[in-house]
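All of these numbers come straight from a predicted model, not from anything done at the bench. Numbered from 1 within each chain, the chains take letters A, B, ... in sequence-line order. Hydrogens, waters and symmetry mates are skipped; everything else that's a heavy atom, side chains included, is used.
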There are 2 protein chains.
Amino acid sequence: MLDAIDKHILALLQRDATLSVQSIADQVNLTTSPCWRRIQTLEAEGYIQRRVALLSRDKLDLGVDVFVFIRTDQHNDEWMNHFARTLDALPEVVEAYRMSGDVDYLLRVVVADIKAYDRFYKRLVSEIKLADVSSSFAMESMKYTTALPL
Amino acid sequence: MLDAIDKHILALLQRDATLSVQSIADQVNLTTSPCWRRIQTLEAEGYIQRRVALLSRDKLDLGVDVFVFIRTDQHNDEWMNHFARTLDALPEVVEAYRMSGDVDYLLRVVVADIKAYDRFYKRLVSEIKLADVSSSFAMESMKYTTALPL
DNA sequence: GCTGAAAACCTCAGGAC
DNA sequence: GTCCTGAGGTTTTCAGC
């Protein structure tokens with residue numbers, strides 16, 4: 001299990017992975033050696049999965065979020081595997097969830113504009129058999145964080 | 001504007017920010033100096049926003065995603081600012097969008113279990129006046145990536 | 001724009017307490 | 001756990017193409 005210092009280290013790293021071991025050590029009141037050892041352990045045990053760069057949606061002209069609500073009448077394994085592989089292969093799909101309730105799947109899709117979404121949509125429905133697809137556009141992203149609540 | 005090499009560099013970094021300048025340079029067929037300069041420029045111009053560590057949902061016992069669909073009858077600036085600040089202050093809210101269509105806002109909330117969601121829900125509705133809130137639980141996360149389609 | 005090399009810096013691992 | 005040390009690697013700068 002994690003103690004308060006480990007949690008503190010994780011909280012710092014999930015906000016900024018460029019922090020040097022030195023500055024993390026300072027902030028959690030440790031010297032570099034034990035702090036470095038803790039980070040190694042957290043990485044080895046899988047608490048830290050990866051370190052990534054977050055890019056600018058604006059700069060890259062990918063300003064549109066579309067939520068796609070999917071209903072299907074297919075529930076066999078073969079179809080589900082095909083569906084999962086198709087989603088993996090589509091880079092515009094940044095999130096996909098199997099849902100409870102009346103909607104079977106929920107996707108978040110990132111595209112440049114409505115035309116780009118239309119192209120994506122056509123490709124999606126051509127590759128998978130879906131009973132019902134409805135799309136909802138986000139007007140504004142108010143919050144987006146990769147930081148988990150610790 | 002970005003050339004193919006810049007895009008390639010961004011694609012590599014958004015998958016793995018631990019890559020050394022050396023190894024990126026190799027993969028895009030440059031030497032370290034120009035590659036390093038490009039990365040600096042990409043950072044300075046805001047293409048690269050930040051570098052973060054992604055933590056394990058499983059390890060941290062935060063396995064549940066809840067989508068919260070919100071309708072409101074308040075549409076004035078004051079209410080919206082209060083709403084935005086409240087969402088910012090709630091770490092369980094990892095994403096929030098203002099939507100088109102019949103739902104006004106869509107949140108993704110990360111919690112440990114249903115009880116934790118109930119606590120979050122009570123806090124949310126106690127802090128903001130909302131006309132209608134409906135929650136939908138994800139059974140399974142099929143895809144989650146921070147990588148943008150380039 | 002690029003190359004190549006040198007300097008500065010930090011990480012990483014070890015030993016002593 | 002701290003403190004210190006040093007090797008090794010990485011980042012960064014600089015002259016030259």
Side-chain angles (χ1 to χ4, degrees), chain A residues 1-62 91 112 144-150, chain B residues 1-62 144-150:
Chain A
M1 259 294 87
L2 301 182
D3 62 15
I5 296 178
D6 284 329
K7 281 199 178 173
H8 194 173
I9 292 173
L10 290 177
L12 292 170
L13 281 175
Q14 76 172 342
R15 283 200 296 124
D16 184 0
T18 67
L19 259 32
S20 70
V21 176
Q22 183 67 255
S23 85
I24 294 172
D26 291 347
Q27 294 182 66
V28 301
N29 293 315
L30 280 179
T31 51
T32 54
S33 303
C35 184
W36 176 81
R37 231 191 314 271
R38 278 169 186 265
I39 295 171
Q40 293 304 306
T41 307
L42 289 169
E43 223 139 49
E45 292 181 345
Y47 286 94
I48 298 170
Q49 285 194 320
R50 54 200 316 203
R51 291 151 189 263
V52 299
L54 301 183
L55 308 183
S56 166
R57 301 273 303 265
D58 287 351
K59 279 288 188 177
L60 293 164
D61 193 27
L62 291 167
Y144 175 78
T145 180
T146 56
L148 301 177
L150 296 183
Chain B
M1 255 298 83
L2 301 182
D3 63 13
I5 296 178
D6 284 330
K7 283 200 177 172
H8 194 171
I9 292 174
L10 290 177
L12 291 171
L13 280 175
Q14 76 171 341
R15 284 200 296 123
D16 183 1
T18 67
L19 259 32
S20 69
V21 176
Q22 182 68 255
S23 85
I24 295 171
D26 291 346
Q27 293 183 66
V28 301
N29 292 315
L30 282 178
T31 51
T32 57
S33 304
C35 184
W36 178 83
R37 227 193 326 266
R38 280 170 183 264
I39 295 170
Q40 293 304 307
T41 307
L42 290 169
E43 224 140 47
E45 292 181 345
Y47 287 95
I48 298 171
Q49 286 194 320
R50 55 202 314 205
R51 292 151 189 265
V52 299
L54 301 183
L55 308 184
S56 167
R57 302 272 303 263
D58 287 350
K59 278 287 188 178
L60 292 164
D61 193 26
L62 290 166
Y144 174 78
T145 180
T146 56
L148 301 177
L150 295 184

message: For the CD1 atom of B:I24 and the CG atom of B:D16, what is their distance to the nearest 0.5 Å?
response: 8.5 Å
From CD (B:Q14) to OH (B:Y47), nearest 0.5 Å: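 Between B:Q14 CD and B:Y47 OH, I get 14.0 Å after rounding to 0.5 Å.
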- prompt: Is a donor on one side and an acceptor on the other found under 3.5 Å between the side chain of A:R51 and the backbone of B:A53?
  reply: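 Such a contact is absent between A:R51 side chain and B:A53 backbone.
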query: Between the side chain of B:R50 and the main-chain N/O of A:R15, is any donor-acceptor distance below 3.5 Å?
result: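 Present.
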Of all the choices, [options], which nucleotide is nearest to the side chain of [X] once you look at every atom?
X     : options               : result
B:R38 : D:dT2, C:dT3, C:dG1   : C:dG1
B:L30 : C:dC2, D:dG1, C:dA13  : C:dC2
B:R37 : D:dT2, C:dC12, C:dT3  : C:dT3
A:V21 : C:dT11, D:dT12, C:dC2 : C:dT11

What is the distance, rounded to the nearest whole Å, between atom [atom1] of [X] and atom [atom2] of [N]?
X     : N      : atom1 : atom2 : value
B:I39 : D:dT13 : CD1   : P     : 13 Å
B:Q40 : C:dC2  : CD    : P     : 14 Å
B:D26 : C:dT3  : CG    : C1'   : 14 Å
A:L19 : C:dC10 : CG    : P     : 13 Å
B:L13 : D:dT11 : CG    : C1'   : 14 Å
B:N29 : C:dG1  : CG    : P     : 18 Å

- request: By nearest nucleotide on DNA chain C, pick out whichever of B:C35 and A:T18 is the more 5' one.
  value: B:C35
query: Would you say B:Q22 reaches D:dG9's phosphate, i.e. side-chain N/O to OP1/OP2 under 4.0 Å?
result: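 It does not, given that no N or O in the side chain of B:Q22 lies less than 4.0 Å from OP1 or OP2 of D:dG9.
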query: Hey, does the side chain of A:W36 come within less than 4.0 Å of C:dT11's phosphate (OP1/OP2), counting only N and O?
result: no
- request: Remember a base hit wins even if backbone is also touched, and classify A:S33 as base, sugar-phosphate or nothing at under 4.0 Å, heavy atoms.
  value: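 Since a base atom lies under 4.0 Å of A:S33, the category is base.
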field: Heavy atoms from other residues, nucleotides or ligands near NZ of A:K59 exceed 12 (cutoff 6.0 Å)
entry: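 More than 12 within 6.0 Å, yes.
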query: Is there a donor and acceptor pair closer than 3.5 Å between the side chain of B:S20 and the base of D:dG9?
result: no
